[in-house]
Asker: 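Got a structure for you, written out below as structure tokens; questions coming shortly.
In what follows, every chain begins at residue 1, and chains take the letters A, B, ... in the order their sequences are listed.
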Number of protein chains: 2
Amino acid sequence: MVAQRRAPTLEEVAELAGVSRATVSRVVNGSSRVSPEAQAAVNAAIAQLGYVPNRAARSLVTRRTDTLVLIVHERPDTVFSDPFFASVLRGVNQALSPTDLQLVLLQAQGEAQRDRALRYVGNGHVDGVLLISLHGDDIMPTAISAAGVPLVMAGRLLTGGPLDYVDADNVGGARDAVRYLIAAGRRRLATVAGPGDMSVGVDRLRGYREAVREAGDQASAGRVAVGDFTEESGRRATTQLLADHPDLDAVFAASDLMALGALRALREAGRRVPEDVAVVGFDDAALAAYADPPLTTIRQPVELMGQEMVRLLLARIADPYADPTEVVLPTELVVRASA
Amino acid sequence: MVAQRRAPTLEEVAELAGVSRATVSRVVNGSSRVSPEAQAAVNAAIAQLGYVPNRAARSLVTRRTDTLVLIVHERPDTVFSDPFFASVLRGVNQALSPTDLQLVLLQAQGEAQRDRALRYVGNGHVDGVLLISLHGDDIMPTAISAAGVPLVMAGRLLTGGPLDYVDADNVGGARDAVRYLIAAGRRRLATVAGPGDMSVGVDRLRGYREAVREAGDQASAGRVAVGDFTEESGRRATTQLLADHPDLDAVFAASDLMALGALRALREAGRRVPEDVAVVGFDDAALAAYADPPLTTIRQPVELMGQEMVRLLLARIADPYADPTEVVLPTELVVRASA
DNA sequence: ATGAAAGCGCTAACAA
DNA sequence: TTGTTAGCGCTTTCAT
């Protein structure tokens with residue numbers, strides 16, 4: 001183990017380059033008002049010393065932190081699955097990697113942790129917030145933006161005031177699923193919808209209804225059972241649907257976990273998939289390929305969502321008074337054996 | 001949007017409490033050498049003002065950052081799955097939540113990002129490093145600890161010098177899997193092993209071999225096919241095993257993804273699971289429950305691993321010259337339909 | 001284009 | 001037990 005030796009400072013760079021600290025600072029921060037010679041000398045000194053600016057010192061004077069925080073506000077029963085979150089994270093990191101910003105991660109469950117997170121962002125520890133909220137009714141978005149801290153949400157806010165957010169096209173995706181099923185000759189559709197207090201639930205149901213109505217199929221619009229995004233809830237909802245509508249020939253599930261549950265329920269009821277009943281799910285948990293039969297899904301560009309969130313947040317930090325922007329990314333139908 | 005008003009400073013607290021800055025600092029940092037009266041006055045002032053210490057200012061003088069970094073050094077073809085990583089993260093956050101440390105996340109793929117991460121760590125931006133390395137031969141562990149920065153690894157280092165790490169009991173877990181299969185009457189075992197250049201691969205194979213030999217079954221020790229932790233590699237390896245040893249009646253796969261592949265291969269070969277062939281996998285991707293039939297697995301305490309990593313790192317930061325510690329956490333056999 | 005100087009908010013000797 | 005003082009490394013007027 002090597003002893004941590006003190007990192008070189010601006011001062012030392014200045015001395016080696018034969019200029020003042022101010023000039024070094026200008027070079028480091030890319031100011032234009034520096035002569036080429038000075039610039040070269042400073043850069044040489046920086047390289048020779050392996051100088052890296054001290055974040056704390058810089059932050060102290062600039063009052064920026066060069067830090068973004070990603071808050072994942074989970075409900076005790078986590079609905080969205082880990083792969084979803086991990087993919088967003090990957091996108092976020094990708095978008096951040098060309099910048100000098102650091103990403104702090106905060107997972108908040110329950111009120112205590114939520115309040116702690118709120119205090120953290122409220123006390124000027126970060127330049128901006130990326131928020132993934134798994135609660136339908138969450139005070140965080142309002143609290144954060146009320147504190148004047150730039151904020152971008154993952155997902156539309158149901159009760160939403162005007163906030164910046166990035167979302168997948170849940171309505172369009174659900175619509176695509178239905179259109180595909182109808183094009184494949186299915187006529188008696190049903191859907192396993194998500195919770196009515198979350199925008200993903202609401203939007204996917206809306207897409208389903210729009211599409212069946214657009215096809216002149218008023219009956220299917222009414223065949224709805226609600227789940228909570230878990231596999232078990234999907235199984236139960238599907239069993240219910242089968243009981244109420246024994247003749248249905250297609251199920252659109254608002255998540256892949258629920259689609260998995262639908263698969264299970266259908267098998268239990270002796271229906272073959274997709275011969276008797278076709279199944280399409282919205283891809284939240286990246287489980288499509290491992291299902292049996294492999295799931296046809298509506299895929300969201302999750303990693304891209306992470307990237308776009310960063311892009312949007314940086315724009316908002318640069319211009320805090322611009323109008324809120326809503327970024328809605330297209331989904332894609334991926335056909336597999338289940339439909 | 002509320003304007004960000006300047007946060008109260010130590011100075012203001014001191015003035016309100018009628019003491020000096022030093023005293024306030026002592027109270028904030030929990031020094032004992034403060035009179036009860038002063039303490040009370042300061043605490044009141046802090047509460048009234050909503051004072052929170054400025055990290056940057058503190059960090060500047062203490063030369064601590066109160067920041068830990070979690071680096072995930074991925075290979076281009078990510079082997080470990082997202083849920084694994086996400087669970088570690090949850091454990092890390094849990095362990096961190098009672099402290100005042102912040103967690104910075106760095107995902108590094110490829111040399112450029114790796115070097116950037118190394119520079120970041122080397123320049124005193126963090127107090128300690130949690131490293132999840134997905135490379136068998138990775139210079140990061142050595143580089144980081146050579147820089148004198150406290151480090152804890154997830155997983156044993158194959159080529160390892162003496163480093164602190166937290167790992168699941170891969171040898172013991174594999175052993176348990178085999179013992180279970182043998183106890184269930186299986187006699188012609190085979191294994192789909194992981195890469196030979198990663199400790200998870202090596203250890204799980206070792207556990208398998210130890211257990212079959214311990215049962216006096218020398219033949220099974222030789223029935224090994226190697227995969228790379230992906231489903232497809234598991235399918236291929238199993239197909240190979242079936243070709244070489246048509247009479248095998250049990251497969252131990254070194255990951256659940258590979259177990260899924262084994263399931264597929266067995267079905268393709270017309271074998272029933274578990275009637276003809278039993279399958280047990282090591283649980284890396286939390287897919288066990290969704291497989292068909294549901295997978296019997298060796299479950300790792302992934303979240304706990306994250307917690308232990310933090311605990312170990314904090315200990316190392318507190319005492320940098322203590323001997324390296326190896327924490328090996330027990331696994332658990334979870335029996336499901338596949339075996 | 002460059003430098004001198006002030007000061008961001010805090011901790012840590014040192015003195016009292 | 002308390003206060004005074006001297007910076008930590010950097011950016012940023014303000015002169016020059």
Asker: Looking only at side-chain N and O atoms, does A:Thr67 offer a donor or acceptor that is under 3.5 Å from a partner on A:Gln102?
Answerer: yes

Asker: Take atom CD1 of B:Ile46 and atom P of C:dC10, then tell me their distance rounded to the nearest Å.
Answerer: 10 Å

Asker: Take atom CD of B:Glu11 and atom P of C:dC10, then tell me their distance rounded to the nearest Å.
Answerer: 9 Å

Asker: Which atom names give the shortest non-hydrogen contact between B:Thr23 and B:Ala38, and what distance separates them?
Answerer: CG2-CB, 4.2 Å

Asker: A:Pro150 and side-chain contact (heavy atoms from CB on, under 4.5 Å): which partner among A:Asp319, A:Leu314, A:Leu313?
Answerer: A:Leu313

Asker: Could you state the atom-to-atom distance from CG of A:Asn123 to C1' of C:dC10 in whole Å?
Answerer: 16 Å

Asker: Using OP1 and OP2 only, check whether a side-chain N or O of A:Ser25 sits under 4.0 Å from D:dT11.
Answerer: yes

Asker: Provide the closest heavy-atom pair for A:Val88 versus A:Met309 in the form atom of the first, atom of the second, distance.
Answerer: CG1-SD, 4.4 Å

Asker: Figure out the CD/C1' separation between A:Gln39 and C:dA1, and round it to whole Å.
Answerer: 12 Å

Asker: Whole-Å distance between D:dT11 C1' and A:Arg33 CZ?
Answerer: 16 Å

Asker: What does the list of N/O pairs under 3.5 Å between the protein and nucleotides 14-16 of chain C look like, with a distance for each?
Answerer:
none

Asker: Describe the nucleic acid contact of B:Val19 in one word from base, sugar-phosphate, nothing, applying a heavy-atom distance below 4.0 Å.
Answerer: sugar-phosphate

Asker: Between A:Ala117 and A:Met140, what is the shortest heavy-atom contact and its length?
Answerer: CB-CE, 4.0 Å

Asker: Run the salt bridge (Lys or Arg N to Asp or Glu O under 4.0 Å) test against A:Asp66 and tell me which residues pass, sequence neighbours left out.
Answerer: A:Arg64

Asker: Mind checking salt bridge (Lys or Arg N to Asp or Glu O under 4.0 Å) for A:Asp138 and listing every partner two or more places apart, or none if nothing turns up?
Answerer: none

Asker: Could you pull out all residues at least two apart from A:Glu111 that satisfy salt bridge (Lys or Arg N to Asp or Glu O under 4.0 Å)?
Answerer: A:Arg114

Asker: At less than 4.0 Å, is any side-chain N or O atom of B:Thr23 found next to OP1 or OP2 of D:dG3? Yes or no.
Answerer: yes

Asker: In this structure, how many angstroms lie between the C1' atom of C:dT11 and the CG atom of B:Asn29, rounded?
Answerer: 8 Å

Asker: How close do B:Leu312 and B:Tyr165 get, counting heavy atoms only, and between which atoms?
Answerer: CD2-O, 3.8 Å

Asker: Once you round it to whole Å, what is the distance between P of C:dC8 and CZ of A:Arg64?
Answerer: 18 Å

Asker: Consider the side chain of A:Thr62, meaning its heavy atoms from C-beta on, and name the nucleotide among C:dT2, D:dT12, C:dT11 that approaches it most closely.
Answerer: D:dT12

Asker: Work out which heavy atom in A:His73 is nearest to a heavy atom in A:Gly110; give both atom names and the distance.
Answerer: NE2-O, 4.3 Å

Asker: Compute the bend angle of the helix from C:dA1-D:dT16 to C:dA16-D:dT1 from the end axes (five pairs per end), rounded to 10°.
Answerer: 30°

Asker: If you look at every heavy atom in A:Leu10 and A:Arg21, which pair is closest and at what distance?
Answerer: CD1-O, 4.0 Å

Asker: Restricting both atoms to N or O, compile the protein contacts to nucleotides 5-9 of chain D shorter than 3.5 Å, with distance only.
Answerer:
{"from": "D:dA6", "atom 1": "N6", "to": "B:Arg21", "atom 2": "NH2", "distance (Å)": "3.2"}
{"from": "D:dC8", "atom 1": "O3'", "to": "B:Arg63", "atom 2": "NH2", "distance (Å)": "2.8"}
{"from": "D:dG9", "atom 1": "OP1", "to": "B:Arg63", "atom 2": "NH2", "distance (Å)": "2.5"}
{"from": "D:dG9", "atom 1": "N2", "to": "A:Ala57", "atom 2": "O", "distance (Å)": "3.3"}

